[in-house]
Amino acid sequence: EMYLADSGGGSVQAGWSLKLSCKASGYTYRRICMAWFRQSPGKVREDVAIIYFGGDRTYIADSVMGRFTISQDNPKNTVYLQMDSLKPEDTAMYYCAADSVIGPSWCSSGSTTSRDFRIWGQGTEVTVSS
């Protein structure tokens with residue numbers, strides 16, 4: 001069984017940066033679709049960035065395009081979310097997710113939803129003040 005531990009959240013001011021980490025443990029896959037989602041109170045969980053771990057395909061949501069970057073460190077089984085130029089509307093709980101059934105094309109298509117991912121981290125909170 002695969003486990004995800006996400007970390008790196010915090011409270012920052014608008015314009016600052018944060019880097020979230022998602023480390024996989026247990027049974028790890030050489031290739032697997034991994035994603036960052038976020039959810040604010042009263043809102044649906046939305047995808048932020050997705051990467052096909054072990055490959056080179058990524059997807060970045062329009063709302064964070066140009067500010068957020070997703071990357072991977074294969075030896076460490078870790079996926080990162082670099083968040084720059086943070087805005088108050090980025091305030092949310094951020095979750096790392098993974099699913100081995102999602103292939104590379106589907107993974108980077110932007111059409112996946114939270115229901116497609118079966119493995120989740122515990123979440124890390126990001127608060128951006130103006």
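This one's a predicted model, so the numbers in the text were calculated from it and none came from an experiment.
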In one Ile/Leu/Val/Met/Phe/Trp/Tyr side-chain cluster, 4.5 Å: [X], [Y]:
X	Y	answer
Val126	Leu4	yes
Ile70	Tyr29	yes
Val79	Ile102	no
Phe68	Val12	yes
Ile119	Leu81	yes

Least distance between heavy atoms, [X] atom then [Y] atom:
X	Y	value
Met2	Ala98	CE-CB, 4.3 Å
Ser17	Ser85	OG-N, 4.3 Å
Ser40	Ala92	OG-CB, 3.5 Å
Thr124	Met93	C-SD, 3.4 Å

Candidates Tyr95, Phe117, Tyr94 - the one meeting ring-ring contact (aromatic ring centres under 6.0 Å, His included) with Phe37 =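 Exactly one pass, corresponding to Phe117.
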Approximate separation, where rounding is to 0.5 Å, of [X] [atom1] and [Y] [atom2]:
X	Y	atom1	atom2	result
Cys96	Lys23	SG	NZ	12.0 Å
Asp6	Trp120	CG	CH2	10.0 Å
Met65	Ile60	CE	CD1	6.5 Å
Leu20	Thr78	CG	OG1	12.5 Å
Ser130	Gln13	OG	CD	9.0 Å
Met34	Asn77	CE	CG	8.5 Å

Side-chain contact test, heavy atoms from C-beta onward, threshold under 4.5 Å: evaluate it for [X] versus [Y] and give yes or no.
X	Y	answer
Met83	Asp90	no
Tyr59	Thr112	no
Arg118	Ser100	yes
Trp36	Cys22	yes

Determine all donor-acceptor pairs shorter than 3.5 Å in which one atom belongs to a side chain in residues 43-55; sequence neighbours excluded.
{"from": "Arg45", "atom 1": "NE", "to": "Gln39", "atom 2": "OE1", "distance (Å)": "3.1"}
{"from": "Arg45", "atom 1": "NH2", "to": "Gln39", "atom 2": "OE1", "distance (Å)": "3.1"}
{"from": "Glu46", "atom 1": "OE2", "to": "Arg38", "atom 2": "NE", "distance (Å)": "2.6"}
{"from": "Glu46", "atom 1": "OE2", "to": "Arg38", "atom 2": "NH2", "distance (Å)": "3.3"}

